[in-house]
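Single-structure report; data block below.
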Amino acid sequence: MNYWLLKSEPDTFGIANLEAMPGQTEHWDGIRNYQARNFMRDGMRVGDLAFFYHSNCPAPGIVGIMEIVREAYPDFTALDPESKYYDPKCTEDANRWCMADVRLKKIFPRTISLAELKSEAALADMLVLRKGNRLSITPVSPSEWDHILSML
DNA sequence: GCCAACGTTGGC
DNA sequence: GCCAACGTTGGC
């Protein structure tokens, strides 16, 4: 069982959008970075838990928890010319991108802000806090996971 | 809107 | 395989 942190822009798809989906479940699509894809494809398993992180917004931070309910499968948005995630180099037989399905598990009573996360010595090694990090999927260690939950 | 950091592309 | 140019991310 692994822990993750998944970023999404609330203007595009925030935790409230996930809450509103049937079964509070949705596919996590649009990964267009190899490192992030590899984390998803090679590491993410059903039953894993992930923080929902709001990025590129007035109050960036962790807003809740999701559970992985389906492991990596081909990201069909890469084949759809109408999608903003369309990748002309992908075909049905050679789709280099994948998505996973997530289900909302918990919305935190408050946002754990990026500033708070940065101020915690116990989280100094978190990938997502590294300067210039742009990965939309990063692994979270069990101790980091527990520490963040203790901040609520 | 600015800009630093980083990934990808493509010419050579 | 190098590397400059370009596009994107994301905090501020």
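In what follows, every heavy atom counts, from backbone to side chain, and hydrogens, waters and symmetry copies are set aside. Every chain is numbered from 1, with letters handed out A, B, ... down the list of sequences.
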**OP:** Please check if the side chain of A:Asn2 supplies one atom and the backbone of A:Gly43 the other of a donor-acceptor pair under 3.5 Å.
**Re:** yes
Original post:
Among residues 54-65 of chain A, which residues get a heavy atom nearer than 4.0 Å to DNA chain C?
Top reply: A:Ser55, A:Asn56, A:Pro60
Original post:
Out of curiosity, A:Arg70 CZ to A:Thr25 OG1, how far, rounded to the nearest 0.5 Å?
Top reply: 12.5 Å
In [range], which ones come under 4.0 Å of DNA chain B, going by heavy atoms?
| range | answer |
| --- | --- |
| residues 9-16 of chain A | none |
| residues 29-38 of chain A | A:Asn33, A:Tyr34, A:Gln35 |
| residues 120-133 of chain A | A:Lys131, A:Gly132 |

Subject >> Worked check of side chain to side chain donor-acceptor pair (under 3.5 Å) between A:Ser141 and A:Ser143 >> reply: CA-CA 5 Å; A:Ser141 77; A:Ser143 65; 3.2 Å; yes
Subject >> Residue pair A:Ile148 / A:Glu116, side-chain heavy-atom distance below 4.5 Å >> reply: no
Qualifying salt bridge (Lys or Arg N to Asp or Glu O under 4.0 Å) pairs, either residue in [range], two or more places apart:
| range | answer |
| --- | --- |
| residues 8-25 of chain A | none |
| residues 127-148 of chain A | none |
| residues 37-50 of chain A | A:Arg45-A:Glu71 |

**OP:** Would you please name every residue forming a ring-ring contact (aromatic ring centres under 6.0 Å, His included) with A:Tyr73, sequence neighbours left out?
**Re:** none
**OP:** List for me each residue that meets ring-ring contact (aromatic ring centres under 6.0 Å, His included) alongside A:Phe76, sequence neighbours excluded, and say none if there are none.
**Re:** A:His27
Original post:
Where does the chain A footprint on DNA chain C start and end, counting 5' to 3' with a 4.0 Å heavy-atom cut-off?
Top reply: C:dG7 to C:dC12
**OP:** With side-chain contact (heavy atoms from CB on, under 4.5 Å) as the test, would you mind laying out the steps for A:Val140 and A:Leu49 before giving the verdict?
**Re:** CA-CA 10 Å; A:Val140 174; A:Leu49 298 178; over 6 Å; no
Original post:
Should side-chain heavy atoms under 4.5 Å link Ile, Leu, Val, Met, Phe, Trp and Tyr, which residues sit in the same cluster as A:Leu6?
Top reply: A:Trp4, A:Phe13, A:Ile15, A:Leu18, A:Met21, A:Trp28, A:Ile31, A:Phe39, A:Met40, A:Met44, A:Phe52, A:Val63, A:Met66, A:Ile68, A:Val102, A:Leu104, A:Ile107, A:Leu127, A:Leu135, A:Ile137
Subject >> Which residues share a salt bridge (charged side-chain N to carboxylate O under 4.0 Å, His left out) with A:Arg32, sequence neighbours left out >> reply: A:Asp75
Subject >> Stepwise side-chain contact (heavy atoms from CB on, under 4.5 Å) check, A:Phe51 with A:Leu149 >> reply: CA-CA 10 Å; A:Phe51 287 128; A:Leu149 290 182; 4.1 Å; yes
Original post:
Is the gap between the ring centers of A:Tyr85 and A:Trp97 under 6.0 Å?
Top reply: no
Subject >> A:Glu67 to A:Gly47 - nearest heavy-atom pair and separation >> reply: OE2-CA, 3.9 Å
